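Taking it in order: structure first as structure tokens, then the write-up.
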Protein chains: 2
Amino acid sequence: MPTLQDVARLAGCSTATVSKVLSNTPYVSEETRARVLEAVRQLNYRPNLAGRALSRGRTHIIGVVFPYVYDHIFRDPLVLAIVEGIEQVLTDQGYSILLSTPRMTSEASDPMFEQILRSGYLDGMIAIDSVPESRIAALADTYRVPLVVLGYHDSPYQVHCDDYAGGQLMMNYLLSLGHRRIGIIRIPQAKNIAVDERWRGLCDALHAAGIDPASLPTAEGDYSTRSGAAAAAHLLACDPHLTAIASLNDRMAIGALQTLHALGRAVPDEISVIGYDNLALSEMTTPPLTTVSQHASTLGERSAQMLLQVLHNEQPSIAVIAPTLRERASCAPLRAVDFAASRQS
Amino acid sequence: MPTLQDVARLAGCSTATVSKVLSNTPYVSEETRARVLEAVRQLNYRPNLAGRALSRGRTHIIGVVFPYVYDHIFRDPLVLAIVEGIEQVLTDQGYSILLSTPRMTSEASDPMFEQILRSGYLDGMIAIDSVPESRIAALADTYRVPLVVLGYHDSPYQVHCDDYAGGQLMMNYLLSLGHRRIGIIRIPQAKNIAVDERWRGLCDALHAAGIDPASLPTAEGDYSTRSGAAAAAHLLACDPHLTAIASLNDRMAIGALQTLHALGRAVPDEISVIGYDNLALSEMTTPPLTTVSQHASTLGERSAQMLLQVLHNEQPSIAVIAPTLRERASCAPLRAVDFAASRQS
DNA sequence: GTTGTATAGTTAAGCGTTTAACTAATCTCT
DNA sequence: AGAGATTAGTTAAACGCTTAACTATACAAC
């Protein structure tokens, strides 16, 4: 593997000059520049990153971090889209991505991960995280690693989806279709801020429509499809005349779809279902699921861009990505007959 | 950030001694060792990886590579499970993962990626790749980076699923259920060896049962759900009395499920569907899809273990992971009445 | 009492860059 | 013509670690 030395020798100059040529420092004659470049070409020279990192103190490596707290977040299909977005922006700018899923608890942090931080291997990092307990931000602070958080966190730099608006969005949509007997599949509070925000938005939309959320049947799930299926069954047991089900994420909505199908309830003719996330698989369900899109890859891109800004010593402000409604076939307007029925009761 | 120097100063010895303590080299007195460790503790010292990398020539970073050739393979949900498997094994052994999705063509390779390879940043790499055209192996060879390929490739070290056996498995299962009128959704040949192998296995299973594959209707898809839906429609147009559809991947099988649903054909009562991959979403379809499992996370784990072996100068042989049938609800035995019908025709 | 060996520690070179500080030559003004 | 600025290039230190080569004890063996 050729080194700067080799190039310098071949070009008949010092390593300093070669380095200047390579970093486009001025005050190098055209002639020398050409000789150096030719030598570089001949030897097929590329700088050794470890040497460069040592000398410059920067590695051009960005950590993309999925803290493992309650759950292996890495399993979430959304993650793929996020990483893809990050990857695109970052590699475009010549950065590489170091993937890490440190096991963090509120007391201790993953020693391996801490080692990576300390060792100065990372020029910056992006943490996907909405779990307040995780100590990622503290660690980044301690070791002076620029951090962008993708999620809710009290870090200066963060980007997240406007989950509150998303919650409103899904509920307003259902309301606009005429639904009033709506069952809600939610998630136990205070574990994940994003989901809490959705719930808040959803409740406020109901209030605005003059409906008390407490009057509607709710059931709790744990993100999984299976729990969604169970929750839907529970909801229908509470009120067999439900005309719509709103789920705080897609996987549970898909579970609900399964239950409905098993029970012979036609979706969307008899009952509408709306989810949240817009997973890739949500367009493959029968019927294709109407949902709120988080724009996962945009989230990824945006967080990468933000980190780049931070690295350039700019001070970006929080980015909030607006969710959008992805209308597919699992929701339909309340039919007149049902409408009448719902009036009566 | 404290350095070896600082530790040495505080412990009252030379950096060499500190280094010895830290690398467990013998010939250091218990007393000194203790002093050094105490200094390390006090300063909260961690070695700088760039320095170590430069000096040792090893970085403890493994590249996990998804060559971007025809398609952004990174979109495939299986990828997540694979990466997870790799990640687990590698982080356990103190390695970090550098993620890369170089844009490769048969002529040129991604300059950015080549730079990473040249620069000696990678101790080894795992490439997810079944596309013969990709030049990953050649690159790894050129730059002497130990490589394990996850897929079909002529590299010495590789791990892949036994797709041939998988193809047999799915077809034999259908045959054992009594199906004879089987439509097949395949993929144009020579693009992806894994899929070709499945096809080969499937054909051989048919031959073994005395059926000429050419006598069965086939339709081509392009991996996508949409194409699977179209293919299913095409198959049914060819033979409306089909009792089963076999698809070479899950996404297309799910598309077929959609078409069948739209056409009012009951699955599995009227017609069975089998896929291949066992995607996470395949258990969420209605009905849950019977499929062949690739054991993606095992593939990941196995390839990481293999790379570790290579790094320890062992010479592991190719690992072939056996697929297994994942029976769910989309396949049923041929009903007697259909059986009679199929006999007649 | 010398030789040999095991133990404990140090010195200094080397890994491949970058860059501050320096030299030397050329050019521009007055 | 000489002071000062500009241009072109070099030297050498620095980044933080590892490790071969070396020194200096202490101890055993004959």
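Every chain is numbered from 1, with letters handed out A, B, ... down the list of sequences. Model, not experiment: these values are computed from the prediction.
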- Touch class at under 4.0 angstrom, heavy-atom based, for B:Thr3 against every strand present: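 Sugar-phosphate: the residue B:Thr3, judged by heavy atoms under 4.0 Å, touches backbone atoms but no base.
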
Checklist entry - Which pairs with one or both residues in residues 15-57 of chain B pass ring pair (Phe, Tyr, Trp, His ring centres under 6.0 Å), sequence neighbours excluded? => result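 Non-adjacent pairs meeting ring pair (Phe, Tyr, Trp, His ring centres under 6.0 Å): zero.
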
Atom-to-atom span, [atom1] of [X] to [atom2] of [N] - whole angstrom:
{"X": "B:His60", "N": "D:dC17", "atom1": "NE2", "atom2": "P", "result": "16 Å"}
{"X": "B:Asn48", "N": "D:dA14", "atom1": "CG", "atom2": "C1'", "result": "13 Å"}
{"X": "A:Lys20", "N": "D:dG9", "atom1": "NZ", "atom2": "P", "result": "9 Å"}
{"X": "B:Leu54", "N": "D:dA14", "atom1": "CG", "atom2": "P", "result": "17 Å"}
{"X": "B:Leu49", "N": "D:dT18", "atom1": "CG", "atom2": "C1'", "result": "14 Å"}

- [ ] Check step by step if side chain to side chain donor-acceptor pair (under 3.5 Å) holds for A:Arg144 and A:Thr142.
- [x] CA-CA 6 Å; A:Arg144 302 279 142 71; A:Thr142 307; over 6 Å; no

query: Which residues within residues 9-18 of chain A lie with some heavy atom under 4.0 Å of an atom in DNA chain D?
result: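 Heavy-atom contacts with DNA chain D come from A:Cys13, A:Ser14, A:Ala16, A:Thr17.
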
Taking every non-hydrogen atom, the tightest pair across [X] and [Y]:
{"X": "A:Gly63", "Y": "A:Leu122", "answer": "N-CG, 3.7 Å"}
{"X": "A:His60", "Y": "A:Gln93", "answer": "CE1-O, 4.4 Å"}
{"X": "A:His160", "Y": "A:Leu299", "answer": "C-CD2, 3.8 Å"}
{"X": "B:Ala8", "Y": "B:Ser14", "answer": "CB-C, 3.7 Å"}

Angle between the two end axes of the helix from C:dG1-D:dC30 to C:dT30-D:dA1, five base pairs per end, rounded to 10 degrees?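 The angle separating the two end axes equals 50°.
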
Nucleotide interval of DNA chain C bounded by contacts with chain A (heavy-atom cut-off, under 4.0 Å)
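For DNA chain C, the relevant span reads C:dG16 to C:dT19.
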
Next on the checklist: Check this one for me: any side-chain N or O of B:Arg56 less than 4.0 Å away from OP1 or OP2 of D:dC17?
Outcome noted: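 No, because none of the side-chain N or O atoms of B:Arg56 sits under 4.0 Å from OP1 or OP2 of D:dC17.
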
- request: Specify the residues of residues 24-45 of chain A, ordered by number, for which at least one heavy atom lies under 4.0 angstrom from an atom of DNA chain C.
  value: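 Output list: A:Tyr45.
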
Under the 3.5 angstrom rule, does the side chain of [X] hit a backbone N or O of [Y] as a donor-acceptor pair?
{"X": "A:Ser55", "Y": "A:Gly51", "answer": "no"}
{"X": "B:Thr59", "Y": "B:Tyr121", "answer": "yes"}
{"X": "A:Asp6", "Y": "A:Thr3", "answer": "yes"}
{"X": "A:Ser29", "Y": "A:Thr32", "answer": "yes"}

Side chains of residues 307-322 of chain B: which donor-acceptor partners sit under 3.5 Å, not counting sequence neighbours?
residue: B:Gln309; atom: NE2; partner: B:Glu314; partner atom: OE1; Å: 3.4

Check your understanding: Between A:Glu38 and A:Arg35, does at least one N-O distance fall below 4.0 Å, as a salt bridge requires?
Key ->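 Answer for the salt bridge query: no.
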
Nearest 0.5 angstrom please: A:Arg46 CZ to B:Ile116 CD1, how far?
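Result: 11.5 Å between the selected atoms.
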
